[in-house]
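Letters go in sequence order (proteins before strands), and every chain restarts at 1.
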Amino acid sequence: MPPPKEVAGFPSKENDEDQQYSFAVEYTGPPVTYDIPRAVPINVEKIPVAAVVSKVPLSNTELHIPVVPPILAPDRNKFSKELLLQPTVSPTSVIAFEERVSEDTNNCLLSGELSSYESGELAELIINNDSSSRGLAAVCSVSNEHSSKIDSCDSFDKSRGSSSRARISNDDDLNQADWGSNESVLSLDYPSSRVSSLKTGDCNNESNGDVRRPQVVTFRDIESEDGLDEDFSQDEVQAQVVRVKREPQTKGKKGSCYRCFKGNRFTEKEVCIVCDAKYCSNCVLRAMGSMPEGRKCVTCIGFPIDELKRGGLGKCSRMLKRLLNDLEVRQIMKAEKFCEANQLPPEYIFVNGQALSYEELAILQSCPNPPKKLKPGNYWYDKVSGLWGKEGQKPSKIISPHLNVGGSLRPDASNGNTQVFINGREITKVELRMLQLAGVQVAGNPHFWVNEDGSYQEEGQRNTKGYIWGKAGTKLVCAVLSLPVPSKSSNSCEEQLKSMTSRSVPDYLEQRTLQKILLVGSTGSGSSTIFKQAKILYKDVPFSEDERENIKLTIQTNVYGYLGILLEGRERFEEESLAEMRKRISSKETEPEAGSSDGSDSKTIYSIGPRLKSFSDWLLKTMVSGNLEAIFPAATREYAPLVEELWKHAAIQETYNRRNELEMLPSVASYYLERVDEILKTDYEPSDLDILYAEGVTSSNGLACVDFSFPQSSPDENIDTAEQHDSLLRYQLIRVQARGFGENCKWLEMFEDVGMVIFCVSLSDYDQYSADGTNKMLLSKKFFETIVTHPTFEQMDFLLILNKFDIFEEKVERVPLTRCEWFDDFHPLISRHRTNTNSNSINNNPTLGQLGFHYVAVKFKRLYSSLTGRKLYVSHVKGLEPNSVDAALKFAREILKWDEERINFSLSEHSFYSTEASSFSH
Amino acid sequence: MSVAELKERHAAAIEAVNDLRERLKQRRQQLLDADGHKLHSFSLLYYLAGYARSLGRSQVTFGPTDLVCCRTLQGHTGKVYSLDWTPERDRIVSASQDGRLIVWNAQTSQKTHAIKLPCAWVMTCAFSPTGQSVACGGLDGMCSIFNLNSATDRDGNLPVSVTLNGHKGYVSCCQYVPDEDIHIITSSGDQTCVLWDITTGLRTTVFGGEFQSGHTADVLSVSINGTNSRVFVSGSCDGTARLWDTRVASRAMRTFQGHEGDVNTLKFFPDGNRFGTGSDDGTCRLFDIRNGHQLQVYYQQHGDKEVPLVTSIAFSISGRLLFAGYSNGDCYVWDTLLARVVLNLGSVKNSHENRISCLGLSADGSSLCTGSWDTNLKIWAFGGHRKVI
């Protein structure tokens with residue numbers, strides 16, 4: 001066969017070789033109207049030399065090289081590029097694909113098998129006139145540039161021969177036959193994705209006038225051709241989305257397993273949901289691996305599935321059940337159904353002419369009455385009545401109304417020509433017939449408003465004229481005309497809204513909607529109060545029965561602890577006053593009052609009776625030995641009366657009055673001690689406030705987390721989109737305590753994925769000292785520095801919560817802020833102008849507390865920006881006040897939102913689904 | 001022999017012991033002295049490698065197909081933090097930040113169990129010696145045991161069979177005591193290690209903590225001696241490794257200094273007389289538990305760049321190879337004898353794309369499993385056909 005005229009640029013080097021080398025057929029079809037693609041002369045330098053192939057001698061019989069092929073990484077673009085060692089692009093790479101698409105505009109159809117387009121030679125051009133393969137207009141096979149290197153290889157020649165034979169005979173098995181014999185290492189490594197989109201009109205419409213031929217065709221298997229969906233292809237006419245269709249990488253003879261090439265079409269096989277490769281039971285596990293995304297070849301993992309197979313998702317075959325155990329099968333099927341790569345790509349669904357986003361698709365699919373079997377395509381949606389149909393067609397279903405998806409409804413959405421309008425859409429004849437049968441007056445081309453319950457009114461009029469679906473007969477009519485009727489569940493609007501707020505988020509969306517907030521604080525910073533407050537604020541059941549029981553025991557133990565501290569204080573005070581008394585006695589300066597009240601027999605106001613004394617000694621002893629928790633909750637019943645008596649005793653009350661001198665006694669102690677009799681009852685049930693005040697409730701294991709979503713601000717308000725997304729957005733507040741987590745903060749890297757960090761500092765700590773004598777505020781500062789500079793949180797936003805603002809306000813009046821050396825330059829300006837009445841000064845000048853807060857906030861902000869160069873968010877909180885905590889957490893939410901917007905702002909539109917964080921922003 | 005005579009001899013013996021102990025102490029001090037330290041450690045450092053070379057030992061070499069990635073276990077959606085093999089069957093348990101434990105069949109790369117954890121911040125996991133149950137621990141400070149044979153609840157979750165509660169900090173590492181399913185040793189951020197009785201759920205022994213000889217910072221790793229399960233070592237943020245006897249809780253038998261950073265990981269050498277460590281200072285070291293000395297340092301120069309931390313180590317069955325995972329995604333295979341890098345799995349194609357956080361060798365030593373922050377686990381094994389000598 002002489003080389004065809006068309007390939008004029010055939011390199012001379014090739015011509016030198018031999019005649020038998022030509023593998024092109026002369027074109028004999030009808031004259032062509034389009035440009036013939038010209039072959040680029042080969043550049044020898046550019047020929048990629050695949051070292052693997054040249055080393056291993058290929059023979060016809062040996063299909064596998066004796067190397068266990070490593071499993072391909074999902075990122076095959078990179079891999080194949082590496083293998084080529086050349087700047088040429090592999091057929092699977094995106095670049096090549098784009099090039100091909102651009103080439104399509106030149107009306108050239110190329111199917112790149114095993115070839116890299118750039119350096120490939122055009123060798124064969126066949127126009128396939130066979131009408132059985134409708135989609136195929138022409139097959140331009142590009143030969144492999146390797147041929148010049150490995151032309152000595154017999155198998156290659158042979159296969160070439162067979163392929164040309166196959167083509168001449170115009171067989172249906174065009175692809176299976178030749179590529180099966182052309183098996184080589186390369187074809188193992190290059191899963192050829194023969195992607196081609198073409199305009200049909202350009203190619204072979206002269207030869208056979210097939211009108212229904214889709215304009216955008218994906219080159220597909222002949223086998224799957226039968227399943228071509230009519231409307232599916234129709235829809236794609238306007239959806240100008242070129243979709244990547246993956247093809248199986250190897251093909252044996254028809255019907256055989258794609259991996260071992262054994263068996264026939266009757267052997268049971270499992271099909272890859274991406275590329276349609278079929279594997280027999282021996283090979284399926286090897287070919288599909290662990291199936292992290294369901295039944296996909298290992299190489300197809302991460303690719304979108306074949307839409308035709310969507311219906312079969314999650315439906316297990318008998319073969320898998322036989323091969324794997326029940327649990328594995330269930331997990332694979334679950335993964336198949338819910339993993340993200342297998343979800344319907346939202347950008348392929350157009351509603352009222354607008355491509356959907358992830359959120360819109362989620363709304364659409366999770367509404368109470370979703371469109372069934374949603375396929376890619378163009379749809380129209382009437383938001384008022386919930387009517388839903390394919391673009392240019394009559395309604396097919398009534399889905400939930402008022403979903404905010406897609407654009408606005410166009411009058412010609414269903415291509416009607418009746419001049420009767422429903423909600424601004426010109427209806428079709430069938431609908432008009434239905435309306436007539438339902439008894440609706442349609443004379444005079446009226447424009448109707450139809451609500452989701454079927455009530456209709458003419459545009460511009462208030463009164464409802466009737467219900468379309470009200471009559472029993474109408475439903476029958478609808479059934480006959482194959483028009484949709486509303487389902488029962490969509491009857492009441494309110495119900496729907498309720499169910500919308502309470503519905504569960506689809507599984508695959510959960511991850512992107514959960515925002516994690518890390519709450520850190522050193523001991524005593526009140527971070528646990530904030531955590532508890534969040535639980536009480538946002539959870540329906542803040543604490544379970546078990547938790548409450550535990551909390552009760554903790555509170556009771558705490559009370560004993562406080563009592564112990566009081567008793568300790570009492571002893572000290574007793575000794576002090578005794579010593580003082582003795583001094584006075586010895587110096588003979590006994591004052592009459594003191595003498596009369598204390599008596600002379602070494603009794604002070606701090607003295608207690610022997611029975612109480614023994615109890616007190618015992619209590620102190622247990623406290624010292626650290627067994628308080630072990631003994632007390634159990635012994636409560638026994639000691640409760642005694643404790644009550646003790647508490648009411650004058651000596652304890654006297655000590656309690658001097659509680660400011662007892663540093664160990666926390667400020668919340670009085671809250672409990674004043675109700676000690678109530679708390680120590682066995683049937684005591686802690687209230688939310690009790691729990692809030694309780695110490696050590698959440699710190700038992702150092703880490704606690706709570707999932708919540710912010711409730712909608714007011715239920716009456718109309719739910720607009722933003723609110724809807726808010727209800728979808730879930731937050732997770734994770735609270736860790738610094739204690740028990742070491743200074744190295746090894747654990748911090750676990751929280752890499754949190755959205756922001758809330759650092760909690762107690763404002764009132766400025767005059768407190770830890771056991772080793774360092775100021776607690778300085779300790780907090782040091783801890784803050786560690787956390788802020790931790791590499792994990794390099795780009796993290798920080799919200800500093802200055803807690804216990806109420807105590808601080810009160811304390812700063814008594815104790816100067818300069819007590820802490822970090823704050824030694826605090827010189828409030830207003831101090832001398834302040835009037836005595838505090839209430840007055842609130843209006844005109846800030847209080848000392850507010851000034852102090854601002855000063856501390858600025859201190860931390862400066863520290864933060866000197867360490868990281870960024871801005872620190874600060875908020876003051878009164879941990880015990882719900883509103884205050886609520887405000888702070890909402891502030892945190894705003895920061896997170898702002899973050900997302902910033903990301904969106906900086907990225908362009910197309911990054912919408914490549915960047916996770918940006919996909920849920922508004 | 002009279003009582004007085006006995007007493008006398010007893011006193012003399014005690015004196016002799018004390019004297020010997022004192023001399024030992026002096027000698028050790030001398031060895032570790034600022035001056036002597038350099039010299040001595042120098043000689044020790046190069047002793048092993050130099051001696052091996054003088055014997056004409058050649059370096060281990062690897063062909064391109066000698067260690068290839070033959071399986072990728074995909075399924076986690078978060079960073080993989082820990083993995084463990086079963087002793088007899090080819091199963092792997094892995095723990096990830098997505099809050100799940102997954103039990104894999106390494107042969108088929110199928111998942112046999114996916115266990116949703118009550119606390120998502122899991123740091124460690126372990127397979128029991130019989131392969132019946134798995135243990136895990138994390139930031140919740142508890143060690144949870146799951147029996148793989150127990151029935152799942154309504155949501156398809158495996159219930160926790162035992163919770164070991166008692167640590168005051170996070171649980172950083174856990175390992176079952178070999179040959180028995182009822183004991184497990186955990187290390188924690190509260191500076192202690194604990195031996196647990198799983199049947200009762202109570203602490204049997206606490207190592208460290210209030211005792212003087214315990215760790216002074218978070219304990220990050222434990223390894224139990226394979227030949228004598230009463231002995232284990234622990235590595236800590238204080239830069240030391242300590243050797244413990246499970247029967248002696250009061251004090252560590254030995255403290256191994258040398259690392260200049262947190263000791264992230266350690267593993268006993270197969271013969272049970274040595275152990276290897278991996279640290280934040282970027283080095284792996286080999287210590288001898290009999291004399292308490294450091295035998296070898298494995299350190300690769302990285303120019304002026306930041307030194308990658310060693311995250312996890314494992315020895316081959318013979319002990320000739322040391323696999324070490326680094327925070328920059330490298331995974332070096334060291335020749336333990338000559339202290340040279342034989343292979344870097346991080347630069348092999350198909351390697352992990354992020355930090356290699358854990359690695360482990362199967363019981364028969366035929367394959368290595370690595371877990372990474374890129375959410376995948378990979379199994380590496382001999383991939384080519386070569387004549388076995």
How far apart are the C-alpha atoms of B:Leu139 and A:Phe751, what are their side-chain angles, what is the distance that settles it, and do they pass the side chain to side chain contact (heavy atoms under 4.5 Å, CB included) test? CA-CA 11 Å; B:Leu139 287 192; A:Phe751 297 104; 3.2 Å; yes
A:Ser527: what forms a side chain to side chain contact (heavy atoms under 4.5 Å, CB included) with it, not counting sequence neighbours?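 With neighbours one apart ignored, the set is A:Leu519, A:Ser525, A:Arg735, A:Cys760.
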Measure [X] against the heavy atoms of chain A and call it side chain, backbone, both or neither at under 4.5 Å.
X: B:His76; value: neither
X: B:Trp373; value: side chain
X: B:Val219; value: neither
X: B:Asn264; value: side chain

I want to check something: taking the side chain as every heavy atom from C-beta on, are B:Trp121 and A:Val736 in contact at a cut-off of under 4.5 Å?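 No, their side chains stay 4.5 Å or more apart.
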Which residues pass the salt bridge (charged side-chain N to carboxylate O under 4.0 Å, His left out) test with B:Asp280, sequence neighbours left out?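 Residues passing salt bridge (charged side-chain N to carboxylate O under 4.0 Å, His left out) with B:Asp280: A:Lys746.
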Specify the closest pair of heavy atoms between A:Ile332 and B:Gln110, including all atoms of both residues, with the distance to one decimal.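 That closest heavy-atom pairing would be CD1-OE1, 3.7 Å.
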For atom CD of A:Glu794, is the number of surrounding heavy atoms from other residues, nucleotides or ligands below 6.0 Å larger than 12?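 Result for CD/A:Glu794: open.
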CD-CD distance between A:Glu293 and B:Gln74, expressed to the nearest 0.5 angstrom: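 That separation rounds to 7.5 Å.
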Nearest 0.5 angstrom please: A:Met291 CE to B:Thr108 OG1, how far?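 Taking CE in A:Met291 and OG1 in B:Thr108, the distance rounds to 9.0 Å.
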